[in-house]
Structure formats: C-alpha cells, structure tokens
Amino acid sequence: MEIKVQANVLGANEALAEQNRKRLAEKGVFCINIISSPGAGKTTLLEKTAEMVKGRLRMAVIEGDITTSLDADRVARHGVQARQINTMGGCHLDANMIQKTMAEFDLDNLDLLVIENVGNLVCPADFDLGEDAKVVILSIPEGDDKPAKYPGTFQKAQVLLLNKIDFLPVSDFSLDRVRQDMAGINPGLEILEISASKGIGMDRWVSWLEARVREKRVKA
Amino acid sequence: MHELGIASSILDIVTQRIQEEGLQKINRVHLVVGALSQVVPDALTFAWEAITQGTPAANSALEVEQRPIIAKCHPCGKDFTVENFRFTCPDCGGHDTEMVSGDELFIEYIDAD
C-alpha cells in the first residue's frame with residue numbers, strides 16, 4: 001500500500017538550526033557561516049578580522065575541519081575564543097554540532113559568532129546551521145569559473161569575498177566574468193574584493209560585519 | 001558527498017513511518033530532489049542499496065524525482081523555470097527575482113506491506 005509521507009529528509013537538522021537561530025536572536029549575537037574551498041583563506045580572514053575588531057566587537061569562532069586543531073589554535077592566538085569541531089571525515093558541519101559547541105560559549109558576552117565550515121564548495125551549503133548569513137570566499141588563484149561550476153553554494157550566499165585580489169595582475173581571472181555569472185545566480189549578492197593577508201579591502205568587510213552586528217543587537 | 005548520511009536519514013524516517021502504520025516491509029520510496037539541492041542521485045541510490053541490507057527496506061527501490069528550480073519575477077509577477085542556475089527573467093531579462101522552489105529534499109510517499 002502507498003503511504004503519503006511528505007517528510008523533509010533534512011528536517012532534523014533544520015529543526016536544530018531553528019533552535020540555534022532563536023537562541024542567537026535572543027542573545028543578539030550575529031552569526032556567519034563561512035564557506036570556501038580548502039586554501040581560499042578562511043582562517044587568514046578570521047585572524048585579520050579578529051585583530052581589526054579587537055576592543056570593538058566580542059568575537060568567537062567555531063572551526064570545522066576533518067581533523068587537527070590547527071585552525072582553532074591559529075585564531076585563538078589573536079585573543080578570540082575558539083573551539084574546534086573535528087568531523088572525522090564528514091564533509092560539512094551540521095546544526096547539531098553547532099548547538100553542542102555553542103553551549104560552551106557565554107553568549108551574553110558575545111557580539112559575533114563566526115563558523116568556519118569544512119573546506120568544501122559543495123556540501124556545507126545544504127546544511128543550515130542557524131546562521132544569519134552565509135559568506136563565501138573565492139580566491140583569485142582558484143579561477144573565475146567557480147560560481148558557474150558550484151552555483152548551489154554561491155546562490156545561498158549573502159556576501160562573496162574575492163580574496164587574494166593581489167594575485168589579479170599575475171592571473172587570467174576575470175572579475176567581469178564572476179560579476180556576470182553572479183548577476184544571474186544571485187543578483188542581490190554583495191561582492192567585496194579583498195586580500196586578507198595584505199590587508200586590502202578589509203575595512204569594507206569589517207564595516208559590513210559591524211553594521212550587521214549593530215542591527216542584530218537592536219533587534220534583541 | 002554526504003549521500004550516505006542522507007540515505008541513513010531517509011531510512012530512519014521511513015522505518016519509523018511503517019512502524020506507526022504497523023507494516024513490515026518497504027517496497028518503494030519516492031524522493032523529491034530540487035535542482036539546487038546538491039544531491040547526486042546515483043550516489044544516493046548506491047548508498048541506499050548498501051545501508052538497507054538486513055532492514056525492512058532491503059531490496060526496495062529508491063525513486064529520485066528531480067524537480068527544476070522555479071523563480072518569480074517581481075516586475076512581471078510571473079513564475080519561470082530557472083535554466084543553468086540563472087535567475088534571470090526570460091520575459092523582461094531582469095534580475096529582480098526570487099526563488100519559489102528548487103532546494104527541496106523530501107520523501108513524498110512510500111509503498112509498503
């Protein structure tokens with residue numbers, strides 16, 4: 001016999017993500033989920049961001065990696081609270097992992113929670129963590145065809161950071177191509193050109209973050 | 001590539017459902033997958049065959065129905081099918097559009113005895 005089910009396969013994850021979102025809203029903590037390929041510069045971005053917001057924003061970081069605590073150790077050196085999640089082979093973070101890790105932070109004394117997802121341009125986009133915004137990093141050496149090849153991830157982002165912009169003169173990367181592709185895939189997207197390691201364009205990125213943190217705090 | 005985890009979630013949901021219905025064996029599971037959901041049907045059916053061995057869903061068919069992305073053009077007020085992940089209105093060429101559906105991943109029905 002045929003039985004109607006109508007059940008969301010990721011329903012369990014989405015229910016936990018909603019709980020995370022509600023908790024963050026109550027505490028007025030702005031949360032971003034950073035997604036990119038391995039090596040695009042996620043951790044360097046966080047190190048520089050931590051230095052720039054020091055004394056202005058209370059920031060904490062959740063690092064997702066298959067194994068090692070290398071990234072959490074790097075970020076913690078900049079004076080922010082950092083926790084490492086090891087997925088032991090898993091290709092993405094899920095809302096359950098975030099819920100457990102969030103419980104280790106004092107959310108009353110936090111303005112910004114940054115989740116650095118596992119380096120992967122495919123799987124992390126399918127798993128809501130309860131964040132306010134997904135931020136995708138595409139670095140210039142990866143090539144300008146990535147939005148066209150991985151549209152699912154780029155479609156769900158609110159901000160695209162084009163990192164390692166200082167490599168532009170020695171690369172055939174076309175900013176126009178990315179802008180044209182993104183106009184079709186995700187028209188409302190904010191695109192910022194940065195070099196986290198050289199400090200280029202970082203003021204605009206931090207301004208974007210600070211404005212969102214203020215909005216979130218007002219609503220809480 | 002988290003198809004094994006997805007297959008495992010599907011198995012949990014359908015196993016619970018047949019228990020509620022007092023049934024023993026799952027013959028067929030019909031899954032709806034939107035084009036924006038980054039699931040690979042072949043990998044999913046392969047994972048399904050592997051994890052259902054020795055369960056009430058052993059030897060069952062996992063049917064994957066793929067649905068396109070549908071978006072709405074705000075100025076035109078019309079829905080359109082998104083081709084190649086381009087959210088551009090085919091009538092006016094505008095980008096003031098919003099996704100209506102296309103990231104779904106749900107079990108629509110099962111056949112069980």
Side-chain angles (χ1 to χ4, degrees), chain A residues 1-17 35 64 66 87-97 117-128 134 145-157 177 179-189 191, chain B residues 1-14 16-18 20-23 25-40 44 64 69 71 73-74 82-89 93-99 102-113:
Chain A
M1 64 185 284
E2 206 170 279
I3 303 161
K4 281 256 171 236
V5 180
Q6 301 289 350
N8 181 351
V9 176
L10 300 177
N13 184 73
E14 280 163 31
L16 289 170
I35 301 176
I66 307 279
T87 61
M88 304 315 283
C91 51
H92 59 273
L93 296 176
D94 64 39
N96 186 40
M97 298 172 187
N117 220 310
V118 179
N120 176 343
L121 272 182
V122 185
C123 312
D126 280 351
F127 291 82
D128 185 6
K134 287 183 174 64
D145 56 355
K146 296 301 171 288
K149 288 166 83 169
Y150 301 91
T153 294
F154 288 88
Q155 200 275 333
K156 290 173 184 157
R177 175 173 183 188
R179 288 186 186 285
Q180 275 168 21
D181 283 346
M182 289 314 306
I185 295 167
N186 185 347
L189 182 85
I191 302 178
Chain B
M1 284 299 292
H2 44 265
E3 277 73 9
L4 193 59
I6 288 173
S8 166
S9 297
I10 297 170
L11 183 60
D12 288 346
I13 293 167
V14 298
Q16 197 190 340
R17 194 60 208 270
I18 61 161
E20 288 165 10
E21 301 281 338
L23 299 170
K25 188 178 179 332
I26 295 163
N27 306 313
R28 200 152 52 93
V29 175
H30 190 88
L31 186 75
V32 175
V33 177
L36 200 65
S37 174
Q38 310 188 79
V39 169
V40 183
L44 189 60
V64 181
I69 303 171
C73 173
H74 287 302
V82 172
E83 306 282 356
N84 294 322
F85 300 95
R86 297 298 184 271
F87 289 72
T88 309
C89 175
H95 292 310
D96 182 9
T97 61
E98 187 183 353
M99 190 169 82
D103 62 353
E104 55 273 77
L105 178 61
F106 67 92
I107 304 161
E108 191 161 44
Y109 61 86
I110 58 175
D111 184 85
D113 293 316

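With a threshold of 4.5 angstrom between heavy atoms, B/I13 approaches chain A through side-chain atoms but not through N, CA, C or O. Using a 4.5 Å cut-off between heavy atoms, A/D181 touches chain B through backbone and side chain atoms alike. Only the side chain of A/Q155 comes within contact range of chain B, with heavy atoms under 4.5 Å apart. For A/F127, the part lying under 4.5 angstrom from a heavy atom of chain B is the side chain only. Heavy atoms of B/I69 lying under 4.5 Å from chain A are absent altogether.
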In a table with atom names and distances, give each donor-acceptor pair under 3.5 Å that connects a side chain of residues 102-113 of chain B to protein atoms at least two apart or in another chain.
residue : atom : partner : partner atom : Å
B/E104  : OE1  : B/G102  : N            : 2.8
B/D111  : OD2  : B/N27   : ND2          : 2.8
B/D113  : OD2  : B/N27   : ND2          : 2.9

Using a 3.5 Å cut-off and no angle test, enumerate the donor-acceptor pairs between side-chain atoms of residues 87-97 of chain A and protein atoms at least two apart in sequence or in another chain.
residue : atom : partner : partner atom : Å
A/T87   : OG1  : A/G90   : N            : 3.3
A/T87   : OG1  : A/G90   : O            : 2.7
A/D94   : OD1  : A/N96   : N            : 3.1
A/D94   : OD1  : A/M97   : N            : 3.0

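Comparing A/V9, A/I185, A/T153 by heavy-atom pairs within less than 4.5 Å of chain B, the highest count is held by A/V9.
One distance of note links OG of B/S37 with CG of A/D126; it measures 4.5 Å at 0.5 Å rounding.
A donor-acceptor pair is defined here as one N or O able to donate and one able to accept, closer than 3.5 Å; no such pair exists between the side chain of B/R28 and the backbone of A/E2.
A/Y150 and A/F154 make their closest contact through O-CD1, 3.1 Å (heavy atoms, listed as atom of the first residue, atom of the second, distance).
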